[in-house]
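Below is one structure, written out as structure tokens; the observations come after it.
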Number of protein chains: 2
Amino acid sequence: MAVTISDVASAAGVSKGAVSLALNGHAGVGDQTRQRILDTAKTLGWTPSLRAKSLRSAKAYALGLVIAREAKLLGSDPFFPAFIAGVETTLEKHEYTLVLTVATEPGAEERCYRKLADGGRVDGVILTDVRHDDSRIALLRRLGLPAVTLSRPAVPSPFPAVCMDDAAGITAAVEHLISLGHTRIAHVGGAQVYIHGRSRRRAWESALSAAGLATDLFAEADFTAPGGVAATARLLARKDRPTAIVYANDLMATAGQSYAQTHGLNVPADLSITGYDNAQFARYLNPPLTTIAADPLAWGRQAAAMLLAQLDGTHDGGDLVLGPPRLVLRGSTGAVPPHAVPAVAGGRYQHISTAGT
Amino acid sequence: MAVTISDVASAAGVSKGAVSLALNGHAGVGDQTRQRILDTAKTLGWTPSLRAKSLRSAKAYALGLVIAREAKLLGSDPFFPAFIAGVETTLEKHEYTLVLTVATEPGAEERCYRKLADGGRVDGVILTDVRHDDSRIALLRRLGLPAVTLSRPAVPSPFPAVCMDDAAGITAAVEHLISLGHTRIAHVGGAQVYIHGRSRRRAWESALSAAGLATDLFAEADFTAPGGVAATARLLARKDRPTAIVYANDLMATAGQSYAQTHGLNVPADLSITGYDNAQFARYLNPPLTTIAADPLAWGRQAAAMLLAQLDGTHDGGDLVLGPPRLVLRGSTGAVPPHAVPAVAGGRYQHISTAGT
DNA sequence: GTGGTTCACTAAATCGATTTAGTAACAGAC
DNA sequence: GTCTGTTACTAAATCGATTTAGTGAACCAC
């Protein structure tokens with residue numbers, strides 16, 4: 001980048017201003033002069049310095065994304081890579097890039113947002129893993145950083161949201177299980193501080209209530225495999241053990257399925273299982289996992305587009321709700337065990353202790 | 001960021017230069033003046049504009065990472081999230097951030113690197129998925145962009161490399177299988193254009209040769225699940241069917257295990273399987289997957305550190321080889337099937353057709 | 001007391017673009 | 001011929017920091 005606008009200007013025999021006008025397609029230079037300028041620019045291999053443009057225009061030409069996740073858990077979530085790819089799909093059409101920050105330690109999150117805001121490193125951020133009572137809303141407002149949230153937080157937020165109707169997916173899963181004859185359908189939820197953890201639980205409750213079934217078979221976990229194991233153990237140790245478990249993500253479902261199998265249960269003969277995410281590996285489990293396929297790629301694309309629109313003032317301020325995810329039926333769900341149809345506790349059930357995994 | 005250095009200067013009653021000297025700890029301002037300046041800066045909440053600093057210093061204060069992967073495949077690789085977290089671990093101690101770009105379409109890769117280089121968006125890049133004959137080396141040299149490569153490419157490269165000794169992991173896996181009595185040990189490799197695809201195959205070959213075993217049971221795949229299925233199908237259809245398969249990653253191993261199981265083979269009684277990556281879900285497969293655990297977090301940390309060192313001129317230019325990965329023994333590997341010990345083709349083997357997955 | 005040196009600080013240049021204000025040339029109207 | 005208006009362009013200001021050159025003042029040496 002040794003070549004600057006001055007080089008082009010003197011090479012073309014015009015002023016710097018003329019080069020700028022020519023490059024940006026503004027009026028004020030004649031046609032043949034403009035062409036001559038563009039030609040010499042191309043010959044010299046000149047690209048305007050983003051740094052100079054940034055300073056002059058007070059824009060960073062970058063969006064920010066902060067991922068708050070423990071380092072060793074990061075690799076297990078199929079959401080982020082696909083989501084980021086979606087964001088990139090939108091950004092590559094614009095002069096924007098994505099600045100990624102990972103907050104691995106608790107408490108580092110705020111520091112990350114400050115780092116992005118302080119020097120003016122990004123023009124706006126996308127908030128993922130939105131929490132019910134999300135302190136970041138106030139933080140960003142204080143920092144004066146535009147944003148888009150994935151899901152609408154419970155606290156009043158001035159930022160538009162791109163929402164995924166994950167309730168529809170859970171509803172479909174529960175209805176599928178009900179149609180198979182299940183009546184004791186449990187839910188292993190993600191951390192309930194998250195909107196998506198909470199909404200999935202709500203959807204499970206609503207679907208059960210609508211069918212006149214009880215909603216007490218809930219176990220909260222944290223979207224991790226060990227958490228899924230622990231929650232599954234708790235559920236299966238109950239006297240009124242469920243015949244089906246709806247998990248809030250594939251990783252917990254995988255871990256839960258493994259736990260059930262190592263404790264003598266057959267999936268799906270004794271226990272039906274559904275996941276959420278449609279992770280690649282889910283298809284290749286034994287049995288393959290029935291799960292819910294959302295579209296993180298589209299989510300990322302839309303979130304980036306909405307943030308860009310907000311930045312150049314063309315966004316109307318409204319939220320966007322993406323199409324519902326679809327239920328992917330595989331081998332981990334099946335008819336309710338015959339002996340379990342009369343929903344009486346005890347009976348033929350073998351006891352499963354919660355000790356050990 | 002409405003407050004600038006001029007605001008601080010006039011508020012403290014000094015010149016802009018004095019503020020700059022004070023902030024950066026340079027000599028030229030008296031002690032009490034310096035303190036007064038720093039105090040007013042804090043009061044006003046001033047942080048120097050990164051944009052101005054960038055222009056002045058001709059630095060971007062950012063590193064770049066280009067991921068070339070089809071969008072839908074991105075979510076399945078546990079490497080990148082952990083690697084990126086490692087990079088961040090290093091960057092958060094410096095005034096640097098990570099700019100991430102995803103090249104989803106073939107051919108978009110070069111465009112991504114140009115986008116990062118052209119405006120001076122990053123000061124250097126980390127090259128992942130290094131290929132045997134990697135055209136990016138020449139490209140980056142042309143663009144004048146400093147870099148660090150993960151693995152050393154076969155073409156002469158002026159860039160230092162951080163290497164993972166993945167050969168050691170594969171060797172350990174093969175030796176483990178040999179100790180279990182296996183003699184027909186196959187390898188499902190990743191695309192051989194990649195250094196890591198190639199080196200894993202080489203390690204498998206060497207370990208077999210060292211034990212006096214044949215190295216013809218190789219099937220090339222592409223690190224994807226469908227690719228793993230296809231390769232597995234080819235191997236299992238052979239008359240001298242292997243009793244163990246060493247896969248180049250967990251996803252292919254998972255898919256291969258699933259394929260074998262759905263075609264009537266018992267893992268590990270009939271077929272032992274090893275993966276590579278130690279993905280979270282691998283522990284929860286049925287049976288759990290024996291695999292090789294590398295440390296992508298450390299890899300990212302070191303790669304970023306090396307690139308930063310290179311940028312400020314403190315790097316000695318030498319490569320760095322990370323400690324060897326470790327073999328994680330789980331249920332997918334076991335003793336060779338008794339009837340398979342005399343390695344005679346045909347016999348009791350059932351035939352497995354390659355049709356269908 | 002003159003010359004030299006250090007110290008603390010200011011004024012101004014600089015990075016590379018965009019943008020504003022200004023100017024020269026020319027055309028058309030009257 | 002003068003006035004107005006448009007066109008095509010240049011010169012200079014600007015963004016916000018760093019850095020260089022320069023300026024008084026104090027201090028020391030001889």
Side-chain angles (χ1 to χ4, degrees), chain A residues 1-38 40-42 44-62 95-96 117-123 144 312, chain B residues 1-38 40-41 44-62 95 117-123 144 312:
Chain A
M1 286 289 66
V3 42
T4 74
I5 196 175
S6 300
D7 300 330
V8 177
S10 58
V14 293
S15 69
K16 295 191 304 173
V19 176
S20 181
L21 294 177
L23 182 78
N24 296 301
H26 293 155
V29 274
D31 282 347
Q32 68 272 48
T33 312
R34 158 168 283 131
Q35 200 50 55
R36 178 162 44 92
I37 291 172
L38 293 179
T40 56
K42 179 167 274 180
L44 297 180
W46 173 67
T47 323
S49 153
L50 196 83
R51 302 201 259 261
K53 261 173 67 159
S54 273
L55 177 58
R56 177 68 235 225
S57 62
K59 289 199 285 184
Y61 297 99
E95 204 184 1
Y96 272 74
D118 270 359
R121 221 177 245 283
V122 299
D123 298 321
D312 70 9
Chain B
M1 286 288 68
V3 41
T4 73
I5 197 174
S6 300
D7 300 330
V8 177
S10 57
V14 293
S15 68
K16 295 191 304 174
V19 177
S20 179
L21 293 177
L23 181 79
N24 297 301
H26 293 156
V29 273
D31 283 347
Q32 67 272 50
T33 312
R34 158 170 283 134
Q35 200 51 55
R36 179 163 43 92
I37 291 173
L38 293 179
T40 54
L44 297 180
W46 174 68
T47 324
S49 153
L50 196 84
R51 302 201 258 260
K53 261 173 66 161
S54 271
L55 176 57
R56 176 70 236 219
S57 63
K59 289 199 285 184
Y61 298 100
E95 202 184 1
D118 271 358
R121 220 179 245 283
V122 300
D123 297 322
D312 71 9

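Keep in mind it's a predicted model, so treat the numbers as computed, not measured. Naming convention: chains lettered A, B, ... in sequence-line order (proteins, then strands); numbering from 1 in each chain.
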- Query: Hey, can you pull the residues of residues 12-20 of chain A with a non-hydrogen atom under 4.0 angstrom from DNA chain D?
  - Reply: A/Gly13, A/Val14, A/Ser15, A/Ala18

How many whole angstroms separate atom [atom1] of [X] from atom [atom2] of [N]?
{"X": "A/Arg56", "N": "C/dT19", "atom1": "CZ", "atom2": "P", "result": "6 Å"}
{"X": "A/Lys53", "N": "C/dA17", "atom1": "NZ", "atom2": "P", "result": "10 Å"}
{"X": "A/Arg51", "N": "C/dG16", "atom1": "CZ", "atom2": "P", "result": "9 Å"}
{"X": "A/Ile5", "N": "D/dT14", "atom1": "CD1", "atom2": "P", "result": "18 Å"}
{"X": "A/Lys59", "N": "C/dA17", "atom1": "NZ", "atom2": "P", "result": "16 Å"}
{"X": "A/Leu50", "N": "C/dG16", "atom1": "CG", "atom2": "C1'", "result": "11 Å"}

- Message: Using a 4.0 Å cut-off on heavy atoms, which residues in residues 24-37 of chain B reach DNA chain C? List them by number, or say none.
- Response: B/Gly28, B/Val29, B/Gly30, B/Thr33

- 5' priority, DNA chain C, between B/Leu21 and B/Ala52 [closest heavy atom]: B/Leu21

Under the side chain to side chain donor-acceptor pair (under 3.5 Å) test, which residues partner [X], sequence neighbours left out?
{"X": "B/Lys59", "result": "none"}
{"X": "B/Asp312", "result": "B/Thr314"}
{"X": "A/Arg121", "result": "B/Thr97"}

In Å and rounded to the nearest 0.5 Å, what is the [atom1] to [atom2] distance from [X] to [Y]?
{"X": "A/Arg36", "Y": "A/Asp31", "atom1": "CZ", "atom2": "CG", "value": "12.5 Å"}
{"X": "B/Ser49", "Y": "A/Asp118", "atom1": "OG", "atom2": "CG", "value": "11.0 Å"}
{"X": "B/Asp123", "Y": "B/Ser54", "atom1": "CG", "atom2": "OG", "value": "7.5 Å"}
{"X": "A/Leu23", "Y": "A/Ile37", "atom1": "CG", "atom2": "CD1", "value": "9.5 Å"}

- Mind checking whether B/Ile5 and B/Pro48 have side chains closer than 4.5 Å, heavy atoms only? no

- Nearest heavy-atom approach of A/Val3 to A/Trp46 is O-CD1, 3.2 Å

Show every donor-acceptor pair shorter than 3.5 Å between a side-chain atom in residues 7-17 of chain A and any protein atom, with sequence neighbours excluded, or say none if there are none.
| from | atom 1 | to | atom 2 | distance (Å) |
| --- | --- | --- | --- | --- |
| A/Asp7 | OD2 | A/Thr4 | N | 2.8 |
| A/Ser10 | OG | A/Ser6 | O | 3.2 |
| A/Ser10 | OG | A/Asp7 | O | 3.2 |
| A/Ser15 | OG | A/Ala18 | N | 3.3 |

- Would you indicate, yes or no, if C/dG16 has its OP1 or OP2 atom less than 4.0 angstrom from a side-chain nitrogen or oxygen of A/Trp46? no

- If you draw a 6.0 Å radius around CG in B/Asn24, do more than 12 non-hydrogen atoms from other residues or ligands fall strictly inside? yes

- Message: The side chain of B/Pro48 is closest to which nucleotide in this list: C/dT18, D/dG16, D/dA17?
- Response: D/dA17

- Item | Helical bend (five base pairs per end, nearest 10°) for the helix from C/dG1-D/dC30 to C/dC30-D/dG1 | 60°

